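The next block holds one structure in the form of structure tokens; read it before the comments.
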Amino acid sequence: MRLLFIHSDHLEFEVTEEIGDLAEHEGVPLDGRMEDCAVTFITVESADADDPDAVVTNAATEIRDVTGQLQTSRVVLYPYAHLSDDLAPPDVAKAVMQALEADIGTDHEVLRAPFGWYKAFEVRCKGHPLSELSRHVSGHDEEEEAPESTADREPSEWHIMTPDGELHDAVGAKSDVSDDMQAFIGDEVEDVQASPGEEPPHLAIMRDKELVGYDDMSDAGNLRWYPRGKLVRDCLMDWVDDLIVDYGGMPVETPIMYDLGVRAIDEHAGKFGERQYRFESGDRRMMLRFAACFGQFSIMHDMYITENDLPLRIYEMSTYSFRREQRGEVVGLKRQRAFTMPDMHTATRDMDQAREELERQAKLSLSTADDLGVNYEPAIRMTRQFFDENEAWVQELVADFDKPSLIEVLPTRHHYWSAKVDFAVIDSLGRPMENPTVQIDVESAERFGIEYHAGEETYHPPILHYSPSGSIERVTGAILETAAKQEIPRFPTWLSPTQVRFVPVRPDLHGEACEVMADQLEEADIRADIDDRDESVGKRIAGAETDWVPYYIVVGDREVEGDTLGVNIRAEDDELEMTLDALIEHLEEELDAFPRRSRYLPMHLSEHPQFV
RNA sequence: GCCUAGGUAGCUUAGCGGUAAAGCGCGUCCUUGGUAAGGACGAGAGCCCGGGUUCAAAUCCCGGCCUAGGCUCCA
């Protein structure tokens, strides 16, 4: 709701013409005048329809605040549609105006102008500094969200469950768990602030290595990827796609924008308050998706699903999803306003199948930690009721993870999920980054009209939300944070923009030999380049080190004339004599399970432009 | 969104009322190199944007934007 206050010597109005069939005829005067009053022009907006009572209460508080400041007890409530372009339905607006009159009327003299009329009016503003004020009121801030906020919720119970099924007090168990889990407990349970004031190291790395940057011409939290970073990103996306298709997910692609005029969209979106990008397109109000739920639910809604189709797994790499996070929450690769999330939704027959799928999907994520070179700490969060009914299953889950797991038991359900598993990477400052997550959604099937058919009956399936890796940005961040903790910071070889680099001692004499070998590597789908810049050998080796090239080879007369190469293995800080074929064989083995992409930058470093 | 700190060359930073600096990168030349950075010279700056104070503002003040930290938030 928008409010415009004018502290006036007087206001006078009379109706001129009815607007459609909206006009109010009873309970309000069709003309009137009030002296020395706070004139309040009011626009009721679409979001107010979610909870009109709360909006009225909040608006009344604002009006009392203003009349208090203006030291007046006379108020004009004047419906005025022109303060916003996002109006509530007329019947809602009318009801809000009436309720507001009833509320304010208890301690003010109120003149309310009728809704649904063109009106002539005259107003004289007093002109002092406080005489013109505008306010924005919503149903959420003061009335709804605040009491719902975590601070006022009944606190969760926290435990550590060990793989043997024993439940321990979370804080008490700290001495028996890994450093990462200790940091996780510190952050989640004890509210410890790790490394306060320090900037996460991945920020410097993403710039220095020419991976990712900010763009001043866009909004905060919208990143741009340079070729080296784009290659890492694309490889990660290929990898997740392969993982999920192999698992049984069926890829789709769905729209990124949705019409807020559709009831289910508006209801669902309304729950997320201000955290969306919204815009007008022609005469439609649209929003950008904040996950792939909408599009995939829409597909499921339109499908004829039978019992035999379950579990039905619909998957999408959501380039992009948008969340207009608060400015202070947007940080580098940890949180953005536009991000890419692999998102799968699985419709299941019943809670038994939902639990079974959740377990398999969670295990799948956990098993990928080695591929990414990161460590995951598990957390299982659920309602008291879910835990009481499923304790044995939770024990089985933790035994399956084979890692002590953080257990959060929420006294009541606050979210759409009743149970949720997530995996956190602990960054180099000791702060958790939540990455993969899988949740059991017990609400959405009904809201979106998703059903499956079994015999004569139809049922709403429990639906799992699953992000097998977490957002691609956050995965990249987690890999960089993990690198920052390593003695020799590096990417896994399959993600390295350059996998093998040749350093010709004399580019004019040894460059050609390098090219022949680089071509041979590329034929085997290995990314190779040649540092042919006119720089000293020492400097170019330093370059291979700072570019985190996993394998690099100095090529001079000895190599050109001999059979073997001195291959520097960066991760091991070691040099091994081997033939090119042996190197290719070694890399084939190392890269076997991973996506292969060609170089994004020219083979010769002398041709690389500077992006940063 | 609120609070704190910062925004100076392509990058990282110094300067903090009085002629704008350094390192890296870039260009030219010398060096023709063997496992972590050879030398010389040179180009390159509406000092974030808009107002104000002052004889004089990158420097002080106010507002805005951006970045980070903290709070809150993370469906």
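Predicted model, so just to flag it, every value in this text is computed and none were measured. Chain A is the first sequence line, chain B the second, and so forth, proteins listed ahead of strands; every chain is numbered from 1.
The nearest whole Å value for the distance from the CG atom in A/L605 to the P atom in B/rG25 is 14 Å. Remark: C1' of B/rC74 and CD of A/E408 are 13 Å apart, rounded to the nearest angstrom. To the nearest angstrom, C1' of B/rA68 lies 8 Å from OH of A/Y214. Put simply, CZ on A/R533 is 11 Å from P on B/rG38, counting in whole angstrom units. Distance A/D191 CG to B/rG70 P: 13 Å, rounded to the nearest Å. Atom-to-atom, CD of A/E545 to P of B/rU35 comes out at 14 Å; the value is rounded to the nearest Å. Across the protein-nucleic acid pair, A/H414 atom NE2 and B/rC74 atom P stand 11 Å apart, rounded to whole Å. When rounded to the nearest whole Å, the span between CD of A/Q326 and P of B/rC3 equals 13 Å.
Heavy-atom distances to RNA chain B give each of A/R506 and A/P196 a nearest nucleotide, and the one nearer the 5′ end belongs to A/R506. Sequence order on RNA chain B of the closest nucleotides to A/V330 and A/R337 puts A/R337 first from the 5' end.
The nucleotide whose nearest atom lies closest to any side-chain atom of A/E575 is, among B/rU72, B/rU35, B/rG34, B/rU35. Considering only side-chain atoms of A/D534, the nucleotide from B/rU35, B/rG33, B/rA36 that sits closest is B/rG33. Of the candidate nucleotides B/rA37, B/rC73, B/rU67, B/rA37 has the atom nearest to the side chain of A/A542. Of the candidates B/rG1, B/rG69, B/rG34, the closest approach to any side-chain atom of A/R558 belongs to B/rG34. Taking the side chain of A/V331 as heavy atoms from C-beta on, and the options B/rA37, B/rG33, B/rG69, the nearest nucleotide is B/rG69.
A/E325 contributes atom CD, which lies 4.5 Å from atom CZ of A/R335 (distance to the nearest 0.5 angstrom). Interatomic distance, OG1 of A/T254 versus CD of A/Q296, reported as 6.0 Å (0.5 Å rounding).
Summarising the base pairing, B/rC55 is matched to B/rG18 through a Watson-Crick or G-U wobble pair whose two defining distances lie under 3.5 Å. Base pairing of B/rA68 is made with B/rU4, judged by Watson-Crick or G-U wobble geometry with both donor-acceptor distances under 3.5 Å. The partner of B/rG23 is B/rC11, by the rule that a Watson-Crick or G-U pair needs both atom distances under 3.5 Å.
Contacts of A/L203 with the nucleic acid, taken as non-hydrogen atoms under 4.0 Å apart, involve only primed sugar atoms and P, OP1 or OP2. A/A544 comes within 4.0 angstrom of no nucleic acid atom, judged by non-hydrogen atoms across all strands. Backbone-only engagement by A/V537 is indicated by non-hydrogen atom pairs under 4.0 Å involving sugar-phosphate atoms exclusively. Nucleic acid contact class of A/G556 (heavy atoms, under 4.0 Å, all strands): base. Here A/E434 lies out of heavy-atom contact (under 4.0 Å) with every strand. Within 4.0 Å of A/G543, counting heavy atoms only, lies no atom of the nucleic acid at all. At a threshold of 4.0 angstrom between heavy atoms, the contacts of A/R570 with the nucleic acid are absent.
A/E199 contributes no side-chain N or O that forms a donor-acceptor pair with the base of B/rA68 under 3.5 Å. At a cut-off of 3.5 angstrom, the base of B/rG34 holds at least one donor-acceptor pair with the side chain of A/E559.
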Restricting both atoms to N or O, compile the protein contacts to nucleotides 5-12 of chain B shorter than 3.5 Å, with distance only.
unit_1 : atom_1 : unit_2 : atom_2 : d
B/rU12 : OP1    : A/R207 : NH1    : 3.3

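Taking only side-chain nitrogens and oxygens, A/Y552 never comes nearer than 4.0 Å to OP1 or OP2 of B/rA36. For A/S536 and B/rA37, the shortest distance from a side-chain N or O to OP1 or OP2 is not below 4.0 Å. For B/rC73, the OP1/OP2 oxygens have no side-chain nitrogen or oxygen of A/R335 closer than 4.0 Å. Between A/R540 and B/rA36, a side-chain N or O to OP1/OP2 separation shorter than 4.0 Å is absent. Contact annotation: A/K539 side-chain N/O to B/rG25 OP1/OP2 distance is under 4.0 Å. The side chain of A/Q193 contributes an N or O atom lying less than 4.0 Å from OP1 or OP2 of B/rC71.
Using modelled atom types, one finds no donor on one side chain facing an acceptor on the other under 3.5 Å when comparing A/D532 with A/H604. With no hydrogens or angles considered, a side-chain donor-acceptor pair links A/S365 and A/Y466 at under 3.5 Å. Side-chain polar atoms of A/T340 and A/R233 form a donor-acceptor pair below 3.5 angstrom. Side-chain atoms of A/H465 and A/Q439 include no donor-acceptor pair closer than 3.5 Å. Side-chain contact, A/D219 with A/Y277: a donor N or O sits under 3.5 Å from an acceptor N or O.
The side chain to side chain donor-acceptor pair (under 3.5 Å) search around A/D343 returns none, not counting sequence neighbours.
Annotated as syn: B/rG46, whose O4'-C1'-N torsion sits within 90° of 0.
Remark: side-chain polar atoms of A/T383 are not paired, donor with acceptor, to backbone N or O of A/P411 under 3.5 angstrom.
Taking atom P on both B/rC60 and B/rC16, the two are 10 Å apart, rounded to the nearest angstrom.
Using a 4.0 Å cut-off between charged nitrogen and carboxylate oxygen, A/E157 and A/R384 count as a salt-bridge pair.
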